[in-house]
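For this chain, numbers begin at 1 and follow the sequence in order. FYI, side chains are in, hydrogens and waters are out, and symmetry mates aren't considered; it's all heavy atoms of this structure.
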Amino acid sequence: MNVARGVLSALNSPYRRPEEVEHNVPLRAFTWLAVTLSLCVAARDTGLMSPLALGLSAVTGGYVFSHFRRMYSNWWMKIALAAGMVAAGFIYVNQMLFTQRDHIVVLTEMMIFLQALHSFDLPRRKDLIYSLLSAFMLMCVGGVLSRSLDFGIYLALFILLTLAMLAIFHYRETSERALTIGNPRSIATVVMRLAVALAVCFPVFFPLIPRYRTYAFSNLPVSGRLRETVQKFSGQLMYPDPPSAAVGIDSGFGPDAQVGPDFSAERYLAGGDAYFGFVPELDLNSRARLSDKLLMRVKSPSAVYHRGLVFDTFKNNVWLISDVEGDQLTRKESAPVFRLDRSGDPEYQSAFIGASLTYHTYYLERDMPNIIYAPYRPDTLYFPVGFIFMDDNLAMRVPAVLLEGTIYTAISTTPSIDPDTLRKVTFPPCPDVDEKYCSIGFMTPQMRALALEITAGSISVLDKVEAISEYLAENYEYDIDAPPAPPGAHPVHHFLFESKRGYCEHFASAMALLARAAGIPSRLVTGFVPGAYNPLTGYFEVRGTDAHAWVEIYFPIVGWLTFDPTPAGPSGPVFAKEVTPMSFLYESYFKGFAEGARAAAARLFYSAATAPAWVSAALSALAVALCAGAFYLISSRRRPGGSRAPLPSNNRAVARSYLKLLRVRPELRTAPRSATAYELADFIDAPSRAAWLELAALYNRAVFSPLPLDDQDAAKARSLATALACK
């Protein structure tokens, strides 16, 4: 019995500093809510459902345990928690070194376990603050990985919970030794004021948050391994079943299925909203109404065109891919990385005069064909399969239909070259490349004559290409309802000389064939335009209506460059354009105003050259003035007696008596400036200490309590200050 009592007494040894123990239940409740919310957000965006279930259960049990055991040291629990943290660290290092899991997912998993362990040891108020900081880090993980705006709802809720907790924390700290405890209604007022301030300032602050161009970890985002169709796959196109596919019919995509490209394409196009540019044969007489459904989100620093298929042969009035199968590329088992620039493809032998390395991560929101979409020119690919096929045009396919939730990353060398430099590239380019890019077979004599007429007088390759693009933009109408060519008619000839109406495939086909007739190598590309940039998430949202066709033109020495002849497309070579929230807001809302101000400044100073400098100087001066004014307002409101929330008259009288006494007592000049009223009592002589503590209590009530003091309190403070000043 005595042994049992001794063991129980040892297990229930009291906490060594009982004055630091936190007893407030609402403070713990708000902290628990913020922590559980952060766990849900982080796990949702990393797919850690099992760790989430374990973490929520452990955190809830830990907070209950910490509350009821707050007055005990719990030394035995601390030993167990230390062992658990060591184990979590060992698992984290092991997974970082010896697995292919995404590093940020592994780190999030460890943070969830550490948060669960820490919840069993929360006796003090500062321990709750540490727990809240850890929850904030998990929210940051959710913000980094979130691809939709619903994260803003969770963030707003987390901010409200945090503000409520911090407000309670503040009032507990300031009124701990005061005679009056803070009013809960004033806590709600503080929370609402801070929430309104954040809501007003966030739209201004958010665009200033930097977006990094590259990633800081070695393993780039990639999803789990796809189920590969290894036995039957040799580079052909594969498609997901449309929603209208009949039940019970073989889809053609299983491990033992007979995969046929024609059959698969028919099933794919039967869906009604499929893009006919993603089939092996691009027929210009095909028609489809593309849906506005979200297909994928792309994390990219630049607005780039996403290549899918590249057609290099025009035959029998349709575009074909001469190298449908391509070459098989494999990767090492240690990492899902394909080094495409080491494939030996001749396109990697030509170096761009100007180029930049950019990172692009694709998050598929719907089932897609087995086409890898990536900007030109892909150098490295992180993809969850064992092998891929890449054809002569650097178009890539994988041995599996891309299912919703697939994530992969492409690193591309995106070209960028000055038009004046590009204009110096002269003829003849066609003998320098494969004949298939220069073939003028299946072209009518009128088309060849038109190409020579349009490019007559142009010297450089760029001049000829721009002449063709301008001719198409000025003489033809973009119309998605353009009728098809009559049976047996040449579709491009019909577009150029009869209907003069068409959509992107007609404009791209016309430009590609006219360029070949002018002696310029060309090929047609289908894929997606950059999509709509979302400044709140930082992702490009690509929809079905963003499916597009454009042209790639070959320039000697430089290589292949993108041109979009569709009237709504950009003129000239299409290069990667960096996009940030600030640049997006400027282009969308402020560009016209800025250009107008610049023009007005140019007229004012008689020189357009001085206008940009004048506008920049004015904006800089305005920014400095706004910052100085904000700093003045903040500093003035923090001073005693400032304009913000003035104290009642009796409270001000007590505060003045106390502050005047600080200047009178000589021994207080050596005290730290951060010392509180109660801490200054240690510098007062013993006979005067009791009177000082009484005055300090009145001062704390006057400044930190929301309740006004009466005349007796003010008179008492004046009396105490007078007595202390005379000693």
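Proximity of S688 to D685: side-chain heavy atoms (C-beta onward) are separated by under 4.5 Å at one or more points. Considering only heavy atoms from C-beta on, R28 stays 4.5 Å or farther from H23 through its side chain. When side chains are defined from C-beta on, M165 counts as touching L128, because their heavy atoms get closer than 4.5 Å. Put simply, the side chain of R297 reaches to within 4.5 Å of the side chain of E365, judged on heavy atoms. Counting heavy atoms from C-beta on, the side chains of F158 and V41 never come closer than 4.5 Å. The closest side-chain heavy-atom distance from Y533 to E541 is not below 4.5 Å. At a threshold of 4.5 Å between non-hydrogen side-chain atoms, the residues L155 and I159 count as touching. Counting heavy atoms from C-beta on, the side chains of M110 and L107 come closer than 4.5 Å.
In terms of heavy atoms, L709 sits closest to N651 at N-OD1, 2.9 Å. Nearest heavy atom pair, residue D682 against residue R689, reads O-NH2, 4.2 Å. Scanning all heavy atoms of the two residues, the minimum distance from I112 to P51 falls at CG2-O, 3.7 Å. Of all the heavy atoms in Y72 and F68, the pair that sits closest is CE1-O, 4.4 Å. Minimum interatomic distance between A116 and A58 (heavy atoms only, all atoms of both residues): CB-CB, 3.6 Å. A42 approaches T108 most closely through the heavy-atom pair CB-CG2, 3.9 Å.
A distance-only check finds no donor-acceptor pair linking the side chain of E694 to the backbone of A691 [under 3.5 Å]. Side chain of T36 to main chain of L33: a donor-acceptor pair is present (N/O by atom type, distance under 3.5 Å, no hydrogens or angles). Proximity of a side-chain donor or acceptor of N74 to a complementary backbone N or O of R69 within less than 3.5 Å is detected. For S134 (side chain) and M111 (main-chain N/O), no donor-acceptor pair under 3.5 Å exists by modelled atom type. A donor-acceptor pair is defined here as one N or O able to donate and one able to accept, closer than 3.5 Å; such a pair exists between the side chain of S657 and the backbone of A653.
Here the CD1 atom belonging to I684 is positioned 7.0 Å from the CG atom belonging to L724, to the nearest 0.5 angstrom. I411 CD1 to T358 OG1: the interatomic distance, rounded to the nearest 0.5 Å, is 9.0 Å. The structure places CZ of R718 at 10.5 Å from CG of D713, a figure rounded to the nearest 0.5 Å. Annotation: the span from L698 atom CG to L693 atom CG amounts to 11.5 Å, rounded to 0.5 Å. A distance of 11.5 Å separates CD in E109 from CG in L52, rounded to the nearest 0.5 Å. Within the model, atoms OG1 of T31 and CD1 of I129 stand 7.0 Å from one another, a figure rounded to the nearest 0.5 Å.
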Candidate pair L54 and F113, rule side chain to side chain contact (heavy atoms under 4.5 Å, CB included), full reasoning: CA-CA 8 Å; L54 178 61; F113 290 147; 3.7 Å; yes
Pair M296-Y363, side chain to side chain contact (heavy atoms under 4.5 Å, CB included): steps then yes or no: CA-CA 5 Å; M296 56 186 175; Y363 300 84; 6.0 Å; no
Chi angles and distances behind the side chain to side chain contact (heavy atoms under 4.5 Å, CB included) call for V35, L132: CA-CA 7 Å; V35 169; L132 183 65; 5.8 Å; no
Chi angles and distances behind the side chain to side chain donor-acceptor pair (under 3.5 Å) call for Y63, S131: CA-CA 11 Å; Y63 270 75; S131 187; 3.0 Å; yes
Verdict with supporting geometry, D711 and N650, side chain to side chain donor-acceptor pair (under 3.5 Å): CA-CA 6 Å; D711 296 338; N650 288 328; 3.0 Å; yes
Y130 and L122: CA distance, side-chain angles, deciding distance, side chain to side chain contact (heavy atoms under 4.5 Å, CB included) verdict: CA-CA 9 Å; Y130 296 151; L122 303 173; over 6 Å; no
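Exactly one of Y699, F683, Y658 qualifies for a ring-ring contact (aromatic ring centres under 6.0 Å, His included) with W692. That residue is Y658. The one candidate from Y362, Y359, F540 that meets the side-chain contact (heavy atoms from CB on, under 4.5 Å) condition with S300 is F540.
At a threshold of 4.0 Å, the pair R70-E22 does not count as salt-bridged, since none of the basic side-chain nitrogens sits closer than that to a carboxylate oxygen. Electrostatic pairing of R124 and D127 counts as a salt bridge here, judged by a charged N lying under 4.0 Å from a carboxylate O.
Contacts classified as salt bridge (charged side-chain N to carboxylate O under 4.0 Å, His left out) and involving residues 73-97 (residues at least two apart or in different chains) are given here: K78-D121.
In summary, the side chains of T361 and Y539 do not present any donor paired with an acceptor at a separation below 3.5 Å, with no hydrogens or angles considered.
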